[in-house]
Peer 1: 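Have a look at this one before I ask anything.
Worth saying up front: this structure is predicted, and the values here are computed from it rather than measured.
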Amino acid sequence: MNKISDAFRNKKAFIVFITGGDPDIETSEELIVAMASSGADIIEIGIPFSDPIAEGEVIQRADERALANGCTVDKLFEMVERVRKKISIPLLFMTYINPIFRYGKTKFMRRCEECGIDGIIVPDLPFEEREEISRDCKEFNITRISMIAPTSHDRIRMIAEGAEGFLYCVSSLGVTGVRNEIGTDAVRMIEESKKVTDVPCAVGFGISTKEQAREMAAVSDGVIIGSAIVRIIEEYGNRCVEPVKKFVKGIRSAL
């Protein structure tokens, strides 16, 4: 069991997401430390990108703010290097394949290892093209997190068989964002996955309340919350640390 999978041991894992550099690098650094101390088990750091096709309006705006404030991949590497000295929980980058190619695949994964990133999520990289980064991930000990969605159908078992760290179950069709109701597709996806793998399954996309988190945790190994946290950051700006801590503690208690 690797460090990421270990975060699910004997509990329902709580995975949180923020956009790196939103509202600024310094606040992102504070947020990561604060969320770790408030009950987050794994933290995803989104690398801001000009064309985030998997993201809804909330995270799109966060990407725009971060880029406008001068956030770069190198600045995020430096920030993670600082924050890694303060916390031990797994840290993941969530990004798109274009920034990785632009930076250089091998150079990108090497820097991930050097600064203390444990894993990576690339939502626009199809499973069939995973070898584009798999070799570099293995060389530099970066766990590649696989995703399954309601449209995966007969590909679910195939993706699950090769999963490591945890399996990211996309709860609903469409992009990220807060939803009033979470569909039941996650249950079917998890049941199919469990037939071929012991890798933990976490549900994301749309979860924003204690009730939704509790409901999804009942059928999965963990929950992922992003847009609800990014919305708090948007509302409070660089005064967001305490409101985010309060939110994270509330969800942790619900789990």
Peer 1: Is any side-chain heavy atom of Lys86 closer than 4.5 Å to one of Glu29?
Peer 2: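 Yes, close enough: below the 4.5 Å cut-off.
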Peer 1: Once you round to the nearest 0.5 Å, how far does CD1 of Ile45 lie from CG of Leu76?
Peer 2: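 Answer rounded to 0.5 Å: 7.5 Å.
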Peer 1: Between Arg61 and Asp22, does any NZ, NE, NH1 or NH2 come within less than 4.0 Å of an OD or OE carboxylate oxygen?
Peer 2: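 Looking at Arg61 together with Asp22, the answer is no, because their closest N to O distance does not fall below 4.0 Å.
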Peer 1: To the nearest 0.5 angstrom, please state how far the CG atom of Asp154 sits from the CD atom of Glu192.
Peer 2: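 Output value for this atom pair is 10.0 Å.
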Peer 1: So, applying side-chain contact (heavy atoms from CB on, under 4.5 Å) with Asp124, which one of Thr95, Ile97, Asn98 is it?
Peer 2: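 Of all the options given, the one that passes is Ile97.
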Peer 1: Checking side-chain contact (heavy atoms from CB on, under 4.5 Å) against Ser146, which of Leu167, Leu125, Thr197, Ile121 comes through?
Peer 2: Leu167
Peer 1: Hey, which of Pro243, Ser28, Pro23 is the one that makes side-chain contact (heavy atoms from CB on, under 4.5 Å) with Ile233?
Peer 2: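 So, applying the side-chain contact (heavy atoms from CB on, under 4.5 Å) to Ile233 and each of Pro243, Ser28, Pro23, only Pro23 qualifies.
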Peer 1: Can you tell which of Met189, Lys195, Glu161 makes a side-chain contact (heavy atoms from CB on, under 4.5 Å) with Ile156?
Peer 2: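 Looking at Met189, Lys195, Glu161, the match for Ile156 under the side-chain contact (heavy atoms from CB on, under 4.5 Å) is Met189.
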Peer 1: Can you tell me how far SG of Cys137 sits from CZ of Phe108, rounded to the nearest 0.5 angstrom?
Peer 2: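 Rounded to the nearest 0.5 Å, the CZ-SG separation comes out at 9.0 Å.
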Peer 1: Ile18 and Met35: side chain to side chain contact (heavy atoms under 4.5 Å, CB included), yes or no, with the steps?
Peer 2: CA-CA 10 Å; Ile18 63 167; Met35 292 190 295; 3.6 Å; yes
Peer 1: Going by the rule ring-ring contact (aromatic ring centres under 6.0 Å, His included), which residues pair with Phe93 if we only count those two or more places apart in sequence or in a different chain?
Peer 2: Phe77
Peer 1: For the residue pair Gly206 and Gln212, what are the closest heavy atoms and their distance?
Peer 2: O-OE1, 3.5 Å
Peer 1: Val33 and Ile225: same hydrophobic cluster, using ILVMFWY side-chain contacts below 4.5 Å?
Peer 2: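 Yes, because Val33 and Ile225 connect within a single hydrophobic cluster, where side-chain heavy atoms sit under 4.5 Å apart.
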Peer 1: With a 4.5 Å heavy-atom cut-off, do Ser134 and Arg144 have their side chains touching?
Peer 2: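 With C-beta onward as the side chain, the pair touches.
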Peer 1: Arg84 and Asp118: which non-hydrogen atoms are nearest, and at how many Å?
Peer 2: NH2-OD2, 2.8 Å
Peer 1: What's the separation between atom CD1 in Ile148 and atom CZ in Arg157, rounded to the nearest 0.5 Å?
Peer 2: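 Ile148 atom CD1 to Arg157 atom CZ measures 12.0 Å (nearest 0.5 Å).
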Peer 1: Decide if atom OH of Tyr236 counts as having more than 12 heavy atoms of other residues, nucleotides or ligands within a radius under 6.0 Å.
Peer 2: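 Counting other residues, nucleotides and ligands, OH of Tyr236 stays at 12 neighbours or fewer.
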Peer 1: Is Ile89 reachable from Ile251 through a run of I, L, V, M, F, W or Y residues, each pair having side-chain heavy atoms under 4.5 Å apart?
Peer 2: yes
Peer 1: Please answer whether the main-chain N or O of Phe14 pairs with a side-chain N or O of Asp41 as donor and acceptor at a distance below 3.5 Å.
Peer 2: yes
Peer 1: Determine whether Ile32 and Met79 make a side-chain contact, defined as any pair of heavy atoms from C-beta on separated by less than 4.5 Å.
Peer 2: yes
Peer 1: Do Arg155 and Met158 have side-chain heavy atoms sitting under 4.5 Å apart?
Peer 2: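 Yes, side chains in contact.
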Peer 1: Considering only heavy atoms from C-beta outward, does the side chain of Arg135 approach that of Lys105 to under 4.5 Å?
Peer 2: no
Peer 1: When you measure from the side chain of Lys3 to the backbone N and O of Ser88, does any donor-acceptor pair fall under 3.5 Å?
Peer 2: yes
Peer 1: Of the non-hydrogen atoms in Ala217 and Val223, which two are nearest, and what is the gap between them?
Peer 2: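 That closest heavy-atom pairing would be N-CG1, 3.8 Å.
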Peer 1: Run the side chain to side chain contact (heavy atoms under 4.5 Å, CB included) test on Ile190 and Val203 for me, step by step, so that the C-alpha distance in whole Å, both residues' side-chain angles and the decisive distance to 0.1 Å come before the verdict.
Peer 2: CA-CA 9 Å; Ile190 292 168; Val203 179; 3.8 Å; yes
Peer 1: Can you tell me if CG on Asp198 sees more than 12 non-hydrogen neighbours from other groups inside 6.0 Å?
Peer 2: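 Result for CG/Asp198: open.
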Peer 1: Going from CD1 on Ile229 to CD on Glu234, what distance comes out if it is rounded to the nearest 0.5 angstrom?
Peer 2: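 One finds 14.0 Å between CD1 of Ile229 and CD of Glu234.
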Peer 1: If only atom types and distance count, is the side chain of Lys12 paired as donor or acceptor with the main-chain N or O of Ser220 below 3.5 Å?
Peer 2: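 Here the side-chain-to-backbone pair exists.
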Peer 1: If you take all heavy atoms of Thr27 and Cys240, which pair is closest and at what distance?
Peer 2: CG2-SG, 3.7 Å
Peer 1: Any Lys/Arg nitrogen of Arg111 or Glu114 sitting under 4.0 Å from an Asp/Glu carboxylate oxygen of the other?
Peer 2: yes
Peer 1: Determine whether Ile87 and Ile25 fall in the same hydrophobic cluster, where Ile, Leu, Val, Met, Phe, Trp and Tyr are linked whenever their side-chain heavy atoms lie under 4.5 Å apart.
Peer 2: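 In one cluster with Ile87: Ile25, yes.
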Peer 1: Are Val187 and Val196 joined in one hydrophobic group, where the rule is that I, L, V, M, F, W and Y side chains link up if heavy atoms are under 4.5 Å apart?
Peer 2: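 No, separate clusters.
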Peer 1: Is there a chain of hydrophobic side chains (I, L, V, M, F, W, Y, each step under 4.5 Å between heavy atoms) that links Phe101 to Ile47?
Peer 2: yes
Peer 1: Between Asp221 and Lys194, does the side chain to side chain contact (heavy atoms under 4.5 Å, CB included) criterion hold? Intermediate values first, please.
Peer 2: CA-CA 11 Å; Asp221 300 304; Lys194 292 297 185 181; 2.7 Å; yes
Peer 1: For the pair Phe166 and Phe8, name the ring-plane relationship: parallel under 30°, tilted 30 to 60°, perpendicular over 60°.
Peer 2: tilted
Peer 1: Under a 4.5 Å cut-off applied to non-hydrogen side-chain atoms, are Leu92 and Phe17 in contact?
Peer 2: no
Peer 1: Check step by step if side chain to side chain contact (heavy atoms under 4.5 Å, CB included) holds for Arg231 and Phe247.
Peer 2: CA-CA 11 Å; Arg231 193 165 59 177; Phe247 177 84; over 6 Å; no
Peer 1: Sub-3.5 Å donor-acceptor pair from the side chain of Lys245 to the main-chain atoms of Ser38, do we have one?
Peer 2: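 Checking the backbone N and O of Ser38 against the side chain of Lys245, no donor-acceptor pair under 3.5 Å is found.
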Peer 1: Determine whether Ile120 and Met109 make a side-chain contact, defined as any pair of heavy atoms from C-beta on separated by less than 4.5 Å.
Peer 2: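 Yes; the side chains approach each other to less than 4.5 Å.
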Peer 1: Got Met94 and Pro123 here, is their nearest side-chain heavy-atom distance under 4.5 Å?
Peer 2: yes
Peer 1: How many angstroms lie between atom CD of Glu64 and atom CD of Gln60, to the nearest 0.5 angstrom?
Peer 2: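 Going from CD on Glu64 over to CD on Gln60, the span is 7.0 Å.
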Peer 1: Considering non-hydrogen atoms only, spot the tightest contact between Cys112 and Ile142 and give its length.
Peer 2: CB-CD1, 3.7 Å
Peer 1: So, for Val58 and Ser227, which heavy atoms are closest and what is the spacing to 0.1 Å?
Peer 2: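 Minimum heavy-atom separation between Val58 and Ser227: CG1-O, 3.7 Å.
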